[in-house]
Amino acid sequence: MFHVHFELATALSEVIHDRARILTAPSVLDRLSHDFYWYSPVLRTRLADKCGDVAVQPVNVDEILAVLRFAGEREVPVTVRGAGTGNYGQCVPLEGGIVLDLALMDKLEQITADGVAVCEPGLRLGVLETEARKHRWELRMYPSTLVKASVGGFLGGGSGGIGSVMYGGLRDFDNVRGFEVVTMEEMPRVVMHEGAAVHEILHAWGTNGILTRIWFALAPAVEWAQFTAAFDSYDAAFDFTESVAVGAQWTKRLATVFEWPIPSFFSPIRHVVSKDKTLALLMIEKSQLEKLRAAAIAAGGEVTFTGPYEGPRTQPLLSDYTWNHTTLWAMKADPAYTYLQCGFSPAECRKQFALLRERYGKEILFHIEFMKNGDGVVIPGAIPVVRFTTEERLNDMIAYCRSIGVFVANPHVNYLEDGGRFRPDNIQLLAKQKYDPRGLLNPGKMISFHKQKVTR
Ligand SMILES: Cc1cc2nc3c(=O)[nH]c(=O)nc-3n(C[C@H](O)[C@H](O)[C@H](O)COP(=O)(O)OP(=O)(O)OC[C@H]3O[C@@H](n4cnc5c(N)ncnc54)[C@H](O)[C@@H]3O)c2cc1C
């Protein structure tokens with residue numbers, strides 16, 4: 001192994017002349033080869049020992065082109081990494097090779113007059129949110145890992161988050177305007193994808209191209225307030241939050257429901273939690289706060305917190321408890337917890353909740369995140385907290401969810417196709433065949449791809 005590191009690093013120094021940006025220390029390689037894959041008890045055992053042979057930190061597109069040319073000539077795999085906050089081992093190199101760490105390519109080039117951020121992929125979403133708000137814009141949607149996660153990694157591996165209740169996910173409503181992509185062809189090149197062509201590369205886990213320059217649509221900034229209310233029953237909290245989420249009169253960024261005991265896991269914000277009660281958590285336009293308070297009380301809720309949102313450094317930042325951060329708090333409280341990623345039917349969800357409760361009891365705890373789908377319908381998305389016993393039991397729960405019409409993006413697999421966001425029209429696969437015919441980009445993560453024989 002030492003020889004592989006050493007030889008690759010020495011050869012790479014011919015194309016990346018700054019040796020300080022070629023990394024081989026085992027602890028550094030181990031860190032740069034992993035993400036939050038350990039969220040899944042299934043992936044935890046499968047991916048722990050996977051590691052790149054060398055990591056390289058390019059500072060511009062010419063260096064990326066040079067690294068891909070170098071890797072192509074030697075048939076060495078390349079796995080691109082943003083900030084490594086992905087949940088399914090998306091950036092864990094399954095076949096070693098080069099980890100392409102884009103953390104140093106983090107420039108915000110411009111925020112255009114019509115609200116589009118033009119940036120490099122390593123730019124952190126939290127930095128972009130802060131800068132955008134200075135110009136009276138803000139992110140349309142972001143993951144709860146806002147402070148750490150990069151724009152490139154979000155487009156490569158994320159789907160949506162805070163803001164999705166208004167603006168949908170990354171793949172909806174022209175939220176991603178375009179990007180430049182470096183290909184892994186025999187002669188790597190930069191190609192522009194815009195409009196519908198973004199979907200060929202979006203959420204393909206860096207398997208079919210490297211995003212190097214991004215046009216990301218923003219929204220006009222809103223003065224937000226944070227709000228929580230506790231309800232005696234899950235049903236009452238769900239009904240109230242749903243009415244705000246779907247109600248066009250409400251300007252909201254988050255509409256979340258946590259059934260008990262999930263709120264008991266949120267130790268730093270115990271003061272907003274009421275024992276044995278379901279918690280509704282919302283971000284709402286500040287001018288609507290009093291109306292929301294009245295609506296919550298009328299629905300039988302007890303308002304437990306209100307406070308301003310002043311950007312990613314707000315304390316407490318309630319979004320730190322939402323989306324997939326909820327699972328983190330649950331796992332901290334009890335490592336036996338894991339999660340699923342679901343979409344309930346707006347019309348059938350109450351029946352679906354009841355069926356799941358009947359079959360699994362409190363093995364599944366409801367955590368709802370309302371979001372808009374691509375048809376403009378606000379649906380109860382969910383990241384339920386699940387008590388893990390065996391992989392078979394987990395698979396049984398996934399199969400049962402699907403059998404009763406609950407969509408599941410399986411977070412316990414390490415390839416795109418079962419993750420639930422793979423395009424049925426196969427355009428990501430077709431792009432891989434075109435841009436990476438030798439299968440060198442993040443190999444093993446798009447299992448429907450098979451290497452083509454390259455004739456020279
Ligand atoms: C606590 C927690 C909460 C989370 N909440 C959410 C959430 O609310 N919503 C959500 O969508 N996700 C969520 N995630 C997952 C993840 O944080 C986000 O998707 C995040 O945006 C990933 O960004 P990153 O920079 O860390 O990407 P990485 O983990 O570094 O990369 C993600 C994937 O994209 C690929 N990639 C990285 N850069 C590029 C590039 N330039 N070109 C092409 N491909 C690239 C990588 O190879 C990898 O496959 C959460 C994760 C955790 C641990």
Side-chain angles (χ1 to χ4, degrees), residues 31-40 52 58 61 64 77-94 99-103 105-106 119-126 128 139 141-164 169-171 179-184 193 198 200-214 216 254 256 319-332 339 341 367 369 371 381 383 409 411 414-416 419 421 428 431 435-436 441-446:
R31 182 174 60 78
L32 293 178
S33 297
H34 290 99
D35 57 11
F36 284 68
Y37 72 100
W38 48 265
Y39 255 53
S40 161
V61 176
I64 294 181
V78 176
T79 301
V80 59
R81 175 188 175 89
T85 68
N87 287 119
Y88 337 115
Q90 290 166 316
C91 69
V92 175
L94 298 182
V99 173
L100 190 71
D101 176 12
L102 299 189
M105 287 181 63
D106 63 349
C119 64
E120 290 186 326
L123 177 67
R124 302 214 177 209
L125 288 160
L128 179 53
L139 292 172
M141 94 274 321
Y142 53 89
S144 55
T145 44
L146 163 84
V147 174
K148 261 184 101 181
S150 70
V151 179
F154 189 35
L155 269 54
S159 53
I162 295 116
S164 288
L170 280 171
R171 60 182 166 177
F179 35 67
E180 288 176 357
V181 180
V182 172
T183 69
M184 187 42 133
H193 279 242
V198 299
E200 294 173 26
I201 313 292
L202 200 62
H203 198 83
W205 298 12
T207 58
N208 60 10
I210 315 285
L211 310 179
T212 50
R213 192 169 179 222
I214 295 163
F216 195 30
L254 251 180
T256 307
S319 63
D320 279 353
Y321 300 86
T322 66
W323 288 82
N324 224 351
H325 264 78
T326 310
T327 316
L328 195 57
W329 291 108
M331 290 171 74
K332 261 190 191 166
Y339 72 120
Q341 301 178 139
H367 159 207
E369 296 287 354
M371 60 172 87
I383 312 181
N414 188 231
Y415 51 89
L416 264 160
R421 319 244 180 239
Q428 293 157 316
Y435 290 160
D436 181 29
L441 291 179
N442 206 357
K445 306 288 174 58
M446 193 193 281

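Whatever order the structure lists ligands and atoms in, that order sets their numbers, starting from 1. Remember, it's a predicted structure, so these values are computed and weren't measured experimentally.
- In terms of protein heavy-atom proximity, atom 14 (N) of ligand 1 is nearest to N87 OD1, 3.4 Å.
- Look at G122 and you'll find every heavy atom at least 4.0 Å from all atoms of ligand 1.
- Inclusion of F36 in the set of residues having an N or O under 3.5 Å from an N or O of ligand 1 is not warranted.
- Distance check: M141 CE to S159 OG gives 9.5 Å after rounding to the nearest 0.5 Å.
- Without hydrogens or angle criteria, K445 side chain to G89 main chain gives a donor-acceptor distance under 3.5 Å.
- Taking atom 2 (C) of ligand 1 as the reference point, the nearest protein heavy-atom neighbour is T145 CG2, 3.4 Å.
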Going through the checks in order, is the side-chain hydrogen bond (donor to acceptor under 3.5 Å, both in side chains) test met by D35 and N87?
CA-CA 7 Å; D35 57 11; N87 287 119; over 6 Å; no
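- The shortest heavy-atom contact between L170 and L202 is O-CD2, 3.8 Å.
- Contact atoms of ligand 1 toward G160: 7 (C), 8 (O), 9 (N), 10 (C), 11 (O) (distance under 4.0 Å to a heavy atom of the residue).
- Residue contacts with ligand 1, taken as heavy atom pairs separated by less than 4.0 Å, involve L102 solely via side-chain atoms from C-beta onward.
- Close approach of ligand 1 to G209 is summarised as follows: ligand atoms under 4.0 Å from at least one heavy atom of the residue are 43 (C).
- Considering both main-chain and side-chain atoms, L328 never comes within under 3.5 Å of ligand 1 through any nitrogen or oxygen pair.
- Under a 4.0 Å criterion applied to the non-hydrogen atoms of Y39, ligand 1 contributes the atoms 1 (C), 2 (C).
- For atom 5 (N) of ligand 1, the closest heavy atom belonging to the protein is S144 OG, 3.2 Å.
- Looking at R124, its side chain never comes within 3.5 Å of a backbone N or O of A149 through a donor-acceptor pair.
- Residue contacts with ligand 1 leave out T79, since none of its heavy atoms falls under 4.0 Å from the ligand.
- Distance from atom 46 (C) of ligand 1 to its nearest protein heavy atom, with residue and atom name: V80 O, 3.2 Å.
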Y39 and L328: side chain to side chain contact (heavy atoms under 4.5 Å, CB included), yes or no, with the steps?
CA-CA 8 Å; Y39 255 53; L328 195 57; 3.1 Å; yes
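- Aromatic ring centres of Y88 and Y37: separated by at least 6.0 Å.
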Decide side chain to side chain contact (heavy atoms under 4.5 Å, CB included) for L155 and V198; before the verdict, give the C-alpha distance in whole Å, the side-chain angles of both, and the deciding distance to 0.1 Å.
CA-CA 10 Å; L155 269 54; V198 299; over 6 Å; no
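- Where the criterion is an N or O separation shorter than 3.5 Å, residue side chain and backbone included, S159 meets it with respect to ligand 1.
- Within the listing of ligand 1, atoms 42 (N) sit less than 4.0 angstrom from a heavy atom of I210.
- The NE2 atom of H203 sits 6.0 Å away from atom CD of Q90, with the distance rounded to the nearest 0.5 Å.
- For ligand 1 and G158, the ligand atoms under 4.0 Å from any heavy atom of the residue are 11 (O), 19 (O).
- At a 3.5 angstrom cut-off on N or O pairs, Q90 counts as close to ligand 1.
- The part of P121 lying near ligand 1 is the side chain, judged by heavy-atom distances below 4.0 Å.
- For ligand 1, the atoms closer than 4.0 angstrom to any heavy atom of A149 are 20 (C), 21 (O), 23 (O), 25 (O).
- Looking only at heavy atoms of the protein, atom 29 (O) of ligand 1 is closest to G86 N, 2.9 Å.
- When only non-hydrogen protein atoms are considered, atom 27 (O) of ligand 1 lies nearest to G153 CA, 3.2 Å.
- Residue contact check: G82 has heavy atoms under 4.0 Å from atoms 25 (O), 28 (P), 30 (O), 37 (C), 38 (N) of ligand 1.
- For atom 24 (P) of ligand 1, the nearest non-hydrogen atom of the protein is A83 N, 3.5 Å.
- Residue contacts with ligand 1 for W205 involve both N, CA, C or O and side-chain atoms from C-beta outward (heavy atoms, distance under 4.0 Å).
- Here the CG-OG1 distance, from N324 to T145, works out to 9.0 Å after rounding to the nearest 0.5 Å.
- Checked against a 3.5 angstrom limit, the closest N/O atoms of W323 and ligand 1 fall outside it.
- At under 3.5 Å, a nitrogen or oxygen of L211, whether backbone or side chain, sits near a nitrogen or oxygen of ligand 1.
- The parts of N324 lying near ligand 1 are both backbone and side chain, judged by heavy-atom distances below 4.0 Å.
- Taking the six-membered ring wherever Trp is involved, the centroid distance between the rings of H193 and Y435 falls below 6.0 Å.
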Please test E180 against T212 for side-chain hydrogen bond (donor to acceptor under 3.5 Å, both in side chains), starting from the C-alpha separation and ending with a verdict.
CA-CA 6 Å; E180 288 176 357; T212 50; 4.5 Å; no
Stepwise side chain to side chain contact (heavy atoms under 4.5 Å, CB included) check, L139 with L146:
CA-CA 10 Å; L139 292 172; L146 163 84; 3.8 Å; yes
If you apply the rule side chain to side chain contact (heavy atoms under 4.5 Å, CB included), what do you find for S150 with L123, and how did you get there?
CA-CA 5 Å; S150 70; L123 177 67; over 6 Å; no
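- The shortest contact between atom 13 (C) of ligand 1 and any protein heavy atom is with P143 CB, 3.7 Å.
- Side-chain N or O atoms of T326 include one that pairs as donor or acceptor with a backbone N or O of Y321 at under 3.5 Å.
- Here the CD atom belonging to Q341 is positioned 11.5 Å from the CD atom belonging to E369, to the nearest 0.5 angstrom.
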